[in-house]
Every structure is written in structure tokens, then in C-alpha cells.
Amino acid sequence: MIQQLVDQIETRFNELSGQMSDPEVIGDRQRYAEVGRAYSHLEPAHELAVEYRRLVDDAAGARELLDEDGEDPEMREMLRAAEARMAELEEEIRLAMVEPDPNDDKNVIVEVRAGTGGEEAGLFASDIYRMLTRYAERLGLKPEPLSVSDGDYTFEIKGKGAYSVFKYEGGTHRVQRVPETESQGRIHTSTATVAVLPEAEDVDVHVDQNDLQIDVYRSSGPGGQSVNTTDSAVRITHKPTGLVVSMQDEKSQLQNREKAMRVLRARLYEAELAAQQAELSAERQAQVGTGARAEKIRTYNFPQDRVTDHRVKVTRGNIPGVLAGDLDEFTAALESDEKRRKLEVAGSLTVG
């Protein structure tokens with residue numbers, strides 16, 4: 001079975017390599033992008049397949065020499081090491097062939113909202129916002145605020161593979177701590193919800209300008225106070241779906257409109273995916289839920305300095321470090337869990 005998979009990987013990789021230099025493919029932007037994504041996905045598996053085939057040859061050579069001189073301890077050790085590594089590679093190759101999420105390489109738009117817990121929930125939402133932006137910066141990705149206010153943060157994270165990392169942050173985050181405003185020293189439980197949307201490109205979703213109602217108005221601050229004297233704020237309504245996106249953080253109407261369109265496209269793309277695949281709709285709803293305390297993916301327990309991810313049962317200390325963006329351990333565990341679950345569902349894999 002594994003030998004057949006190795007053969008398929010090498011054949012498919014050679015086909016994709018040829019297509020990457022085919023003028024006809026290069027001239028078709030969408031097709032070239034699809035081939036490039038397939039090539040990038042298959043490349044790690046191909047490297048493992050090359051190593052596996054080399055070890056098969058090494059093992060065959062060692063057996064042949066041992067047939068002639070069975071007393072050669074160095075050759076016997078070489079055979080043992082080759083067979084042990086081949087056994088490891090079988091699992092690694094199968095995991096490498098798990099079909100990736102087609103959105104994994106995309107930029108993401110992240111929405112953080114205060115959930116249950118009043119003022120403390122708003123403070124926790126700001127903590128989660130800072131945690132995610134710092135994590136992005138640690139990974140060499142670029143966070144960009146789109147709309148930021150107390151307890152309500154919409155921002156973009158740009159960079160290759162952003163969605164593959166941040167998709168695991170979608171859901172309800174729960175905090176247990178003594179708020180600064182608590183005079184009795186009692187522990188409060190609050191939540192913040194996080195939604196992670198793959199940013200839609202023009203080729204992903206078409207927005208008909210005739211379907212949009214665009215209103216401009218003056219930006220407002222606390223209490224409705226006008227903060228500028230021009231109609232720079234923008235509200236876009238997508239009439240067929242009723243989706244509404246407003247932006248007012250920038251002084252330029254053009255910049256606010258561009259940001260609002262990016263968020264609108266992302267939400268429309270998500271809705272389109274949900275319509276195509278019912279399980280995505282359920283997953284999206286599961287991400288945000290209602291913000292109730294019981295709906296949680298991760299708990300940040302300050303009195304015990306403990307962070308627990310309930311999906312993979314991973315617990316670690318150093319809450320300040322986690323909130324400073326040290327999320328690698330959680331991401332690695334969640335990525336591994338996702339691959340193994342997909343592998344179990346797939347049963348047996350072939351190269352497409």
C-alpha cells in the first residue's frame with residue numbers, strides 16, 4: 001500500500017512540475033495558481049517519498065550483503081535503522097497526504113467580540129485581540145486593524161498560511177480571574193468570541209456593484225460626538241443577503257470603503273462555502289456560538305496560572321506568555337489532531 005502511494009506521489013509531482021513550466025498554464029492565472037497550490041501541498045510528501053525510496057534501496061542492498069556475510073554487525077545495524085525509519089515514514093507520508101483546507105494559504109479577517117461578563121468581558125476581548133496580533137507578529141505575519149473599539153475588534157492578518165494557523169483560534173475563549181474593579185477579591189468568569197474568516201479574493205467571490213447600497217456619513221466618537229467634518233465613514237449593505245459592514249476608523253472615505261469591501265467579501269465567501277458544504281455552516285456556528293460561558297474552546301485560569309485548550313486537552317502555565325502570543329504549543333497540537341481526524345475519515349488515500 002505505501003509503495004503504491006509513493007509511486008503515485010512521484011508521478012503526480014512530476015506532472016505538476018511540468019505544468020508549472022507549461023506556457024499554457026502560466027498564461028492562465030487561475031489555473032497557474034491552482035497548480036502552484038497543488039505543487040506546494042505535495043512537495044513535503046514528495047520529499048518524504050524520495051527519502052522512503054532511498055531507504056528501500058539501502059535496505060535491499062544491506063540484505064543482499066547480509067546474505068553473503070550474515071556476521072557483518074555494521075550492515076545489520078544499517079538494515080535495522082533503515083527499516084525503523086521506513087516504518088516512521090509510512091505514517092509521515094500518510095499524514096502529509098491529508099487534503100489541506102483550500103483556504104489555508106489565505107490571509108484572514110478576525111473578529112473579536114466581548115461575550116458574557118459585562119465590562120470584564122470587554123477587557124478580556126482586548127487581551128485576546130493583543131494576543132492574536134502579537135502571535136501574528138511572532139510568526140512574521142502582518143496584522144492590520146480594520147475597525148477597533150472597546151470590546152469589538154475587526155482586523156486582518158496578512159501572510160502566507162495565515163488561515164492555517166489562526167483558524168484554530170475561532171470559538172469562545174473563557175477567562176477566570178479577579179477583575180481590577182472587584183473590591184471583594186472574587187473570581188469572575190467572562191468570555192470573548194473569535195470568528196476567523198478566510199479573506200476572499202476576486203476569483204473566489206464576485207460582488208455585483210448593483211447589489212450594493214453604499215451610504216456615507218460623518219465618523220462619530222463616544223456619545224455620538226462627531227470626530228471629523230467630512231463624510232468619511234462608510235456603510236455598505238449587500239442587498240441580496242442583508243449583510244451590513246460599516247467602517248469609520250480611517251479619515252479617508254476611500255480607505256474606509258476599501259476596508260469595508262474586504263470584510264464584506266470575506267463574509268460573503270464564508271456564506272458561499274457554508275451553502276456549498278453544510279458542515280462548514282455548522283462549524284462556523286460552533287466557532288462563535290452565543291458567547292455563553294459553557295461554550296468554550298480554551299480557558300485562561302489566572303488564579304492557577306493555567307491555560308487549557310479543551311479540544312485537544314492541552315494545558316500549560318505562564319498565562320502572561322500565552323497572552324503575549326506564545327500559542328505555538330496549542331497550534332501544533334490542534335494541527336496534528338486535525339490531520340489525524342481527517343486521516344481516520346479518509347481511511348485510505350490516493351493522490352489527486
Side-chain angles (χ1 to χ4, degrees), residues 29-34 36-38 40-41 99-113 128-129 131-148 152-171 193-209 211-212 214 234-238 240-241 243-250 252 254-277 280-281 283-288 325 327 331 334-335 338:
R29 177 185 165 206
Q30 185 168 349
R31 187 180 171 195
Y32 186 73
E34 291 170 355
R37 282 192 292 268
S40 297
H41 167 57
E99 190 66 27
D101 188 321
N103 295 311
D104 274 353
D105 284 341
K106 292 180 181 291
N107 299 336
V108 294
I109 289 175
V110 183
E111 299 172 340
V112 179
R113 305 280 186 269
I128 296 298
Y129 167 61
M131 177 184 77
L132 297 180
T133 55
R134 287 169 179 170
Y135 186 33
E137 289 167 348
R138 282 188 58 246
L139 296 175
L141 303 172
K142 182 181 178 183
E144 178 188 327
L146 296 176
S147 177
V148 174
D152 193 335
Y153 306 88
T154 300
F155 57 104
E156 183 176 13
I157 298 175
K158 294 181 177 180
K160 184 176 174 61
Y163 186 75
S164 71
V165 174
F166 285 91
K167 64 183 177 183
Y168 301 118
E169 296 305 311
T193 64
V194 178
V196 181
L197 316 176
E199 185 176 29
E201 301 172 6
D202 291 339
V203 296
D204 295 322
V205 58
H206 173 68
V207 179
D208 189 336
Q209 295 298 311
D211 289 338
L212 302 179
I214 301 176
V234 174
R235 179 172 53 247
I236 301 179
T237 304
H238 186 248
T241 62
L243 282 173
V244 179
V245 178
S246 300
M247 286 290 162
Q248 65 171 24
D249 287 17
E250 301 293 340
S252 159
L254 188 63
Q255 288 176 308
N256 281 324
R257 175 170 173 160
E258 191 269 336
K259 284 185 174 182
M261 283 300 300
R262 276 152 60 190
V263 174
L264 178 64
R265 276 197 301 268
R267 291 182 182 174
L268 288 172
Y269 179 52
E270 182 201 31
E272 189 175 302
L273 289 176
Q276 293 172 354
Q277 302 179 23
L280 277 180
S281 179
E283 183 176 317
R284 172 67 172 85
Q285 183 60 35
Q287 270 195 29
V288 176
L327 296 171
T331 300
L334 289 159
E335 182 180 32
E338 181 186 41

Nearest heavy-atom contact between Asp249 and Ser147 is OD2-CA, 3.2 Å
query: Below 4.5 Å, heavy atoms only, C-beta onward: do Leu132 and Val194 meet side chain to side chain?
result: yes
When Leu141, Val108, Asn107 are each screened for side chain to side chain contact (heavy atoms under 4.5 Å, CB included) with Lys158, the one that passes is Asn107
Interatomic distance, CG@Asp104 vs NZ@Lys160, rounded to 0.5 Å, equals 10.0 Å
| said: Do Lys259 and Glu156 have side chains that approach each other closer than 4.5 Å (heavy atoms only, starting at C-beta)? | reply: no
In this structure, OG of Ser252 is separated from CD of Glu258 (nearest 0.5 Å) by 10.0 Å
Nearest heavy-atom contact between Ile236 and Ala260 is CD1-CB, 3.7 Å
Begin with the C-alpha distance, continue with both residues' side-chain angles, and end with the deciding distance and a verdict on side chain to side chain contact (heavy atoms under 4.5 Å, CB included) for Asp208 and His238.
CA-CA 9 Å; Asp208 189 336; His238 186 248; over 6 Å; no
**Distance-only side-chain donor-acceptor flag, Glu338 / Tyr168, under 3.5 Å** = yes
Between the CG atom in Leu243 and the CZ atom in Arg267, the distance rounded to the nearest 0.5 Å is 7.0 Å
| message | Taking the side chain as everything from C-beta on, heavy atoms only, tell me whether Leu139 gets closer than 4.5 Å to Ile157. | response | no
Sequence neighbours excluded, the answer for side chain to side chain contact (heavy atoms under 4.5 Å, CB included) partners of Ser40 is none
Shortest non-hydrogen pair, Glu169 vs Val196, comes out as C-CG2, 4.3 Å
Heavy-atom nearest pair, Ala266 first then Pro198, reads CB-O, 3.8 Å
Contacts of Gln255 meeting side-chain hydrogen bond (donor to acceptor under 3.5 Å, both in side chains) (sequence neighbours excluded), chain-then-number -> none
Contacts of Tyr129 meeting ring-ring contact (aromatic ring centres under 6.0 Å, His included) (sequence neighbours excluded), chain-then-number -> Tyr153, Phe155
Per side chain to side chain contact (heavy atoms under 4.5 Å, CB included), Tyr135 is matched among Arg138, Glu137, Met131 by Arg138
So CG of Leu197 and OH of Tyr163: to nearest 0.5 Å the spacing works out to 8.0 Å
Between the NZ atom in Lys167 and the CG atom in Asn103, the distance rounded to the nearest 0.5 Å is 8.5 Å
Only one of Lys106, Arg265, Arg262 passes salt bridge (charged side-chain N to carboxylate O under 4.0 Å, His left out) with Glu199, and that residue is Arg262
When rounded to the nearest 0.5 Å, the distance separating CG of Leu146 from CG of Asn256 is 10.0 Å
